[in-house]
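The structure appears below as structure tokens.
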Amino acid sequence: MSVSKLVAAARRARRHAHAAYSNFKVGAALEAADGTIITGCNVENATYGLTICAERVAMFKALSDGHRKFRRVAVVADTDAPTPPCGACRQILWEFGGDLEVILANLRREKGRHRLKDLLPLPFDARLL
Ligand code: THU
């Protein structure tokens, strides 16, 4: 699976975003260890606080489909500056995906690659319980 295919899947997923309040549409695509791509988009809610980000939608969809190992995640928004995962998403991605490669892109080009361990230093996770 090429990175450009993963980014393309995130761009397609972004079209389904329900961002009626922020108008900030995000798409995510997660690559499972077996090569399956699972996508997500942000889904906002009138209470605002119940909004869920594209990355967590993708991860929860993947988990509910039985995937347990992951390689990479791509995150796409229509902005010049890259859109990195929020703190809550970093926690969830780390807990279920470990040290994923995180690829950030907009509608035209890739904007950066990071390791999740660099985005979430000193994580709290199940090893500490
Ligand atoms: N959002 C995401 O879906 N992923 C990110 O990485 C950053 C933020 C969403 C949440 C909300 O619907 C909108 O973008 C504005 O914060």
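For ligands, and for the atoms within them, numbers begin at 1 and follow the listed sequence. Positions are given from 1 along the sequence.
Summarising the geometry, atom CG belonging to L107 is positioned 4.0 Å from atom CG belonging to D78; distances are rounded to the nearest 0.5 Å.
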Ligand 1 N/O to protein N/O, distances under 3.5 Å:
| residue | atom | partner | partner atom | Å |
| --- | --- | --- | --- | --- |
| ligand 1 | 3 (O) | A54 | N | 2.9 |
| ligand 1 | 4 (N) | E55 | OE1 | 2.8 |
| ligand 1 | 6 (O) | E55 | OE1 | 3.4 |
| ligand 1 | 6 (O) | E55 | OE2 | 2.5 |
| ligand 1 | 6 (O) | P84 | O | 3.3 |
| ligand 1 | 12 (O) | N42 | ND2 | 2.9 |
| ligand 1 | 12 (O) | E44 | OE2 | 2.5 |

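Within the 3.5 Å criterion, the main-chain N or O of D80 finds a donor-acceptor partner in the side chain of K111. Side chain of Q91 to backbone of F124: a donor-acceptor contact under 3.5 angstrom is found. Put simply, the side chain of E44 gets close to the backbone of S22: a donor and an acceptor are under 3.5 Å apart. Not a single donor-acceptor pair under 3.5 Å links the side chain of R90 to the backbone N or O of L116.
Looking at residues two or more places apart in sequence or on another chain, you find a ring-ring contact (aromatic ring centres under 6.0 Å, His included) between Y21 and Y48.
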